[in-house]
Amino acid sequence: MSTPFEQWLPGMDVTARRLEAMAQRSWLMVTNLGADSSGATNAAPGIQATLNYARDLGGAWVLVPPGVYLIGQTLRIYSNTRLTLMAGAEFRRAHAGTMIVNGDFGQAFPGYTGHSRITIEGGLWNMRGTTAGLTGSAMCISVGHATDITIQDLEVRDTPGYHAIELNSTSHGVIRNAKFRGYIDPGGRDFSEAIQLDLAKSSGAFGAFGPYDHTPCEDVLITGCHVGASGTPGTTAWPRGVGSHSATITRWHRRIRISDCSFENLLQYAVSAYNWEDVTITGNTFVSCGSGVRLRAVIVSDTEDTKLPDGTQTGASQVMRNLSITGNTFRAGGGYDEPIVALGETSGQILNLTVAGNSIDGSSGGQNGVRLQQVSRAAISGNVIANIDGTGISTEDSGNLVISGNEVWLVGSNGITFTGCDHSSAVANQVREPGASGILVSANSNNIHLRDNYIKSPSRAKNGDAWGIRLQGGSSSISLSGNKVRPHGSGNEASHAFSAEGGTNPVTLIQRYGNDWRGSWTVAPVAEGTGVTSNTAAVDVT
């Protein structure tokens, strides 16, 4: 049977007759089907009738005129539907549940085969989480087992407990120019994200419908959005902006892009990329957030997340790879965690990481500027890091790192550290007025290369308590060339421009030449302890 001319589906030619029919039949006004726009009575039945009509047509554009619409039941939206709230339209939640879901309870479309090609846009979606009877955890917009989803140009306000938007098991999703303001923790939900990316893991993770086949999210763009506070009494800013907090071994959320968003006063992580791969986080602004961006491999201690899809327990994490954090600005970071932190596991390192061109100004609670743990093959370059309470760039149990061209100013602890790291370089960095040492290499780090770094005024926190460059803890095979260290000239100064620890666990196989240690140090320019092996000849070592 051929498709009637008056029915149009995406991909069909738009003929003159179809265009005329679309104007007559495919633009559906919810008020024409009984939705009350006065805010006096439940408008959900009329809105649902319009969404059902759109479904029966095979797709349509559903329009919501200006006004207040009480939503007294969960709305269901179906494939090929565009739901537009016009300027001045408000959906005001009036039941203790989700505002809208793509499909029906009990449906069973696996993978990305559920109701798809949906646009939800415009208006104020008021979750009213401080209102009596509505304070329990609830979702605003919930999407699962879908593809080609666009959510844009709307505001979600005062969500209790769960998420403003959940994309679960969704491919090719776009969230843009949206605002997420105000959050209420009803208890035990201090980790909720405004936008959550999740996989179809269980009914506890996504209660709208199954099947629970562990389908992840892929190809998601989040751009031009704002996450923060609403100012409504009894609410806070969101704990987290965008993220995930569940995982399954052998599955990843992939090809996630977060760009040009602003995050303000968030209590925890603005972005928490848990078990994500092929990720780009660029051009965002983070202001007064507990932490900025966290990259996190599957947590080994979480026994639910370390299972295979069939439920077999692996007891292990898994590798995350190909992540880029570039061109973001971080201001007045809080003490929850670092502005940028990448945490792998022994059984699941983070691989192929770029952190470049970011501006980080301020942290508290002893937090570092950039922290890497169990990371390999990373480039940390061209970042400006200032006024950090802890260390500027901290690396631990990592390898194959290149830290280059960064400017580190006025940090409370060390400028750059390698702790238990190998096969890594710090090249052409500037470290100015660190509270402790300029560069610290410790804990059996090996094959570390320090070249052309400039360190000015180390040990500003306490006189004689730190060094310009310090090698310690049995580290070995360290090369240093072209580095320059200078004292401040007054007040607290470092004990030495360069120090290599000796004794029972000495630093060995040092090759150093062409460095400039001149200045009036508290003790002396150079200190090498007993047992240190150092070659200072500017010739090949064979």
Just do the side chain to side chain contact (heavy atoms under 4.5 Å, CB included) check on Ile380 and Ile393 with the steps written out, would you? CA-CA 9 Å; Ile380 315 300; Ile393 300 173; 4.2 Å; yes
Count the heavy atoms of every other residue, nucleotide or ligand shown that sit under 6.0 Å from [atom1] of [X], and state whether that count exceeds 12.
{"X": "Trp409", "atom1": "CH2", "result": "no"}
{"X": "Arg331", "atom1": "CZ", "result": "no"}
{"X": "Arg254", "atom1": "CZ", "result": "yes"}
{"X": "Tyr162", "atom1": "OH", "result": "no"}

Could you tell me whether a side-chain N or O of Ser459 sits under 3.5 Å from a main-chain N or O of Lys462, the two making a donor and an acceptor?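 Here the side-chain-to-backbone pair exists.
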Test Arg255 against every option in Asn322, Thr280, Asp219, Asp278 by the side-chain hydrogen bond (donor to acceptor under 3.5 Å, both in side chains) rule and name the one that passes. Asp219
Could you walk me through whether Ile469 and Leu480 pass the side chain to side chain contact (heavy atoms under 4.5 Å, CB included) check? CA-CA 10 Å; Ile469 295 176; Leu480 305 93; 3.9 Å; yes
Between Phe191 and His245, is the gap from one ring center to the other below 6.0 Å?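 Judged by ring-centre distance (under 6.0 Å), Phe191 and His245 do meet the cut-off.
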When you look at Val300 and Ser347, which way does the side chain to side chain contact (heavy atoms under 4.5 Å, CB included) test go after all the steps? CA-CA 8 Å; Val300 169; Ser347 55; 3.7 Å; yes
Qualifying residues under side chain to side chain contact (heavy atoms under 4.5 Å, CB included), relative to Ser534, sequence neighbours excluded: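 Result, side chain to side chain contact (heavy atoms under 4.5 Å, CB included) vs Ser534: Ile510, Arg512, Glu528, Val532, Thr536.
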With sequence neighbours excluded, tell me which residues meet side chain to side chain contact (heavy atoms under 4.5 Å, CB included) with Val411.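 Counting only residues at least two positions away or on another chain, Val411 forms a side chain to side chain contact (heavy atoms under 4.5 Å, CB included) with Ile388, Val408, Pro434.
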